[in-house]
Amino acid sequence: MLFGCKRVTLNASRFLNLSSFPCLHHMIGSFSHTLSIVTTTNTDDVEMHTNGTRFLIFMRYLCRSGQVKNFDEALDLFQRMGRMKPFPSVKDFTLLLGVIVRLRHYTAAISLVKHMYSSLGIEPDTITLNIVINCLCRLKLISFGFSVLGTMFKLGLEPTVMTLTTLINGFCVQGDVSQAVVLADHMEKMGYPLDVYTYGVLVNGLCKTGDTLVAVRWLRKMEERNWKPNVVVYSSVMDGLCKDGLVYEALNLFSEMNGKGVLPNLVTYTCLIQGLCNFGRWKEVGCLLDEMTKMGMMPDLQTLNILVDSFCKEGKVMQAKSVIGFMIIMGEVPDVFTYNSLIHVYCLQNQMNKAMRVFNFMVSGGCLPDIVVFTSLIHGWCKNKNINKAMYLLEEMGKMGFVPDVVTWTTLIGGFCEAGRPLAAKELFFNMHKHGQVPNIQTCSVMVDGLCKGNFLSEAVALVEAMEKSNLDLNIVIYTILLDGICSAGKLNAAWELFSSLPAKGLQINIYTYTIMIKGFCKQGLLDKAEDLLMNMEENGCLPNNCTYNVFVQGLLTKKEIARSIKYLTIMRDNGFSVDAATTKMIINYLSTNKGDSEIQEFLFPKR
DNA sequence: GTAGGGTTAG
């Protein structure tokens with residue numbers, strides 16, 4: 001096919017006038033290696049001319065029926081269209097561009113628009129530029145999206161509601177929903193009324209950033225304005241509710257949607273199924289699966305992957321495997337998500353041989369691993385204390401062209417800590433920026449935890465102080481980790497000082513923070529202080545949980561405070577909390593050395 | 001011909 005052809009490398013930055021933005025320039029530059037348009041210099045022009053109409057009809061059919069499954073096929077169609085004389089209309093090109101966007105080849109789509117303009121002389125119209133804006137937004141380059149909006153004006157093209165909705169979505173994709181809302185307000189004032197899509201974009205953006213309740217308000221707002229929310233808006237909100245653990249509310253909204261005559265689709269069911277899976281509500285999952293199949297919908301690969309992953313997360317590997325079996329019977333091919341769920345559970349169970357077997361199986365079956373799979377395996381080998389294997393995989397993924405991201409580095413840092421090498425972890429922490437990755441708050445938390453557990457408390461404190469000085473937004477988690485370190489080192493005064501300073505930092509003390517502080521007091525035998533804090537929790541609306549009570553009872557038992565232990569064991573029993581293994585062991589130990597103690601005997605084995 | 005919803009890792 002390449003015979004008699006010349007390769008033309010595309011450069012989108014020329015069209016978009018982005019040369020002043022090195023990051024995009026670099027990105028598109030590196031992409032050019034893979035994207036070269038092949039144009040003919042001879043052969044089948046005549047044939048194409050005569051068959052042109054038939055070819056275009058065929059091309060439209062392929063695009064509309066979703067039969068263009070990969071980028072190479074789409075590119076081939078594009079090349080054929082570029083060889084036609086006269087060129088097909090801009091409409092035909094945008095139809096194909098839409099397919100390329102759906103295949104998520106955003107950079108390529110931008111390059112192709114540029115090629116259409118500079119090499120083929122096809123002027124872009126509003127719709128073509130909407131596609132370019134969407135691609136830039138998907139690449140989280142919204143400011144370039146606005147540059148294209150400027151280009152649109154310069155060309156005398158009027159943006160549409162769709163253009164602006166795409167930009168609103170761009171803000172949402174970047175996680176900047178407040179800006180999205182501002183733009184939506186602005187849009188209305190400019191005489192562009194929001195439509196169902198705009199509302200859908202906003203509602204989804206809000207759900208994705210965890211503002212589900214605000215999303216619900218928007219849903220109600222659109223109803224007040226006489227817009228009928230459709231299945232996409234409802235499903236977005238249901239997904240948000242499920243992800244917040246509000247499955248009951250999601251199911252209510254599902255009934256409400258049905259009541260209003262809006263039919264659920266596969267995505268709606270998938271959101272609910274996942275919500276129920278997260279709480280192990282398998283029976284209801286089964287009911288929903290039955291219901292959807294009765295409505296003629298079969299679960300697809302994504303839905304089944306959710307089942308596989310949920311079973312894996314519960315450690316039910318057998319069930320996960322049977323879902324995979326069902327998947328294959330259904331004609332679906334397990335993908336990188338499916339395999340990763342299995343690999344991950346084996347890694348967590350320290351069954352690295354099995355994890356590697358799955359990995360080799362997927363690779364030999366032609367399923368390309370991704371950065372997530374490599375990160376899971378690196379985590380597994382680290383847990384297994386086999387740093388060499390972890391480093392080997394890091395190298396392997398590099399050879400395959402994957403650049404470790406912040407999650408990979410965090411995993412590795414945590415892994416080195418778990419393997420008892422906190423100083424090596426620190427080295428990675430301070431050098432990861434050389435590999436183009438900047439630690440985030442979670443990386444910092446893992447590092448602080450590693451330093452604390454590795455008895456480098458002063459370094460952990462210094463790291464947190466350095467983060468405070470650099471105005472990083474530190475959260476309660478990182479302070480709770482540090483508090484645990486300070487308590488474990490027995491420095492109760494310093495711990496209490498830190499604990500007391502947290503509200504002034506604007507942080508909400510949570511159940512973990514309280515429990516760690518209580519444990520710290522218990523460890524020093526300061527039981528009254530621990531008890532005061534336990535009482536204080538309830539007053540502050542943070543109810544103690546299983547772990548809090550067990551920690552306190554263990555403190556009491558250590559000091560042989562039997563009467564008080566029984567008091568709290570009774571509270572636990574009355575409130576449905578269970579005594580954990582460590583507490584049980586202490587009770588048994590106490591009994592075996594204090595056989596004559598009737599108090600605890602009476603509590604454990606009351607006479608009827 | 002273009003815009004919105006569902007799956008994995010620390």
Side-chain angles (χ1 to χ4, degrees), chain A residues 60 63-64 88-99 101-102 109 124-135 137-138 160-170 172-173 195-205 207-208 230-240 242-243 265-275 277 299-310 312-313 335-345 347-348 370-380 382 405-415 418 440 442-443 445-446 449:
Chain A
R60 288 173 199 146
C63 289
R64 289 181 184 133
S89 67
V90 67
K91 242 179 167 179
D92 280 319
F93 277 106
T94 45
L95 178 63
L96 182 58
L97 284 167
V99 171
V101 172
R102 277 191 288 281
D125 62 4
T126 306
I127 296 178
T128 325
L129 293 182
N130 282 350
I131 291 180
V132 174
I133 292 175
N134 185 29
C135 291
C137 287
R138 296 291 180 158
T160 60
V161 171
M162 238 188 232
T163 317
L164 297 171
T165 303
T166 307
L167 284 165
I168 290 174
N169 190 45
C172 293
V173 167
D195 67 8
V196 183
Y197 267 87
T198 326
Y199 283 109
V201 165
L202 286 171
V203 164
N204 180 48
C207 290
K208 286 283 172 342
N230 61 15
V231 64
V232 175
V233 180
Y234 279 116
S235 303
S236 294
V237 177
M238 277 182 236
D239 188 50
C242 285
K243 298 242 156 73
N265 61 19
L266 181 57
V267 177
T268 323
Y269 279 108
T270 305
C271 296
L272 292 174
I273 286 171
Q274 181 165 39
C277 279
D300 67 359
L301 183 60
Q302 196 164 333
T303 317
L304 295 173
N305 275 344
I306 288 168
L307 297 176
V308 171
D309 193 54
S310 302
C312 285
K313 283 209 171 98
D335 68 357
V336 65
F337 282 86
T338 327
Y339 290 118
N340 188 51
S341 296
L342 266 186
I343 288 173
H344 188 228
V345 66
C347 287
L348 286 184
D370 64 5
I371 188 164
V372 179
V373 172
F374 277 111
T375 305
S376 293
L377 285 167
I378 287 173
H379 184 214
C382 286
D405 68 1
V406 62
V407 179
T408 319
W409 285 107
T410 307
T411 304
L412 211 51
I413 288 165
E418 268 185 82
N440 62 18
Q442 290 191 53
T443 324
S445 306
V446 168
D449 193 42

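Letters A, B, ... mirror the listed sequences (proteins, then strands); counts begin at 1.
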Tell me which nucleotide among [options] gets nearest to the side chain of [X].
X        : options              : value
A:Asn204 : B:dG6, B:dG5, B:dA9  : B:dG5
A:Thr270 : B:dG10, B:dG1, B:dG6 : B:dG6
A:Val90  : B:dT7, B:dG5, B:dG1  : B:dG1
A:Phe337 : B:dT8, B:dG1, B:dG6  : B:dT8
A:Lys208 : B:dG10, B:dA3, B:dG6 : B:dG6
A:Ile306 : B:dT7, B:dG10, B:dG1 : B:dT7
A:Thr375 : B:dA9, B:dA3, B:dG1  : B:dA9
A:Thr411 : B:dT8, B:dG5, B:dG10 : B:dG10
A:Val406 : B:dG10, B:dT7, B:dG5 : B:dG10

**OP:** Check A:Asp300, A:Asp335, A:Thr270, A:Asn340 against A:Asn305 for a side-chain hydrogen bond (donor to acceptor under 3.5 Å, both in side chains) and give me the one that passes.
**Re:** A:Asp335
Under 4.0 angstrom, heavy atoms only, what part of the nucleic acid is [X] near: base, sugar-phosphate, or nothing?
X        : result
A:Thr268 : base
A:Ile127 : base
A:Val201 : sugar-phosphate
A:Leu266 : base
A:Thr94  : base
A:Ser341 : nothing
A:Val196 : base
A:Thr128 : base
A:Val336 : nothing
A:Asp405 : base
A:Val231 : base
A:Ser236 : sugar-phosphate
A:Val373 : nothing

Subject >> Any A:Lys243 side-chain nitrogen or oxygen under 4.0 Å from OP1 or OP2 of B:dT7 >> reply: yes
**OP:** Using only side-chain N and O atoms of A:Gln274, determine if any of them is under 4.0 Å from OP1 or OP2 of B:dT7.
**Re:** yes
Subject >> Residues which pass salt bridge (charged side-chain N to carboxylate O under 4.0 Å, His left out) with A:Lys243, listed by chain and number, not counting sequence neighbours >> reply: A:Asp239
Subject >> All salt bridge (charged side-chain N to carboxylate O under 4.0 Å, His left out) counterparts of A:Arg60, not counting sequence neighbours >> reply: A:Asp92
Original post:
So does A:Thr303 reach the base of B:dG6 with its side chain, donor to acceptor, closer than 3.5 Å?
Top reply: yes
Subject >> N/O donor-acceptor pair, side chain A:Ser235 with base B:dG5, under 3.5 angstrom >> reply: yes
If I take atom [atom1] in residue [X] and atom [atom2] in nucleotide [N], what distance separates them, rounded to the nearest angstrom?
X        : N      : atom1 : atom2 : answer
A:Ile273 : B:dG5  : CD1   : C1'   : 15 Å
A:Trp409 : B:dG10 : CH2   : P     : 18 Å
A:His379 : B:dT8  : NE2   : C1'   : 14 Å
A:Tyr339 : B:dT7  : OH    : P     : 21 Å
A:Phe93  : B:dG1  : CZ    : P     : 16 Å
A:Asn230 : B:dG6  : CG    : C1'   : 15 Å
A:Leu202 : B:dG5  : CG    : C1'   : 14 Å
A:Ile168 : B:dT2  : CD1   : P     : 19 Å

**OP:** Answer yes if the side chains of A:Thr166 and A:Asn130 hold a donor-acceptor pair under 3.5 Å, and no otherwise.
**Re:** no
Subject >> Between A:Thr128 and A:Thr94, a side-chain donor and acceptor under 3.5 Å >> reply: no
**OP:** Would you name the heavy atoms of A:Cys347 and A:Gly380 that are closest together and state the gap between them?
**Re:** CB-CA, 3.7 Å
Subject >> Distance-minimising heavy-atom pair for A:Ser341 and A:Asp309 >> reply: OG-OD1, 2.8 Å
Original post:
Under 3.5 Å, side chain of A:Thr160 to main-chain N/O of A:Thr163, donor-acceptor pair present?
Top reply: yes
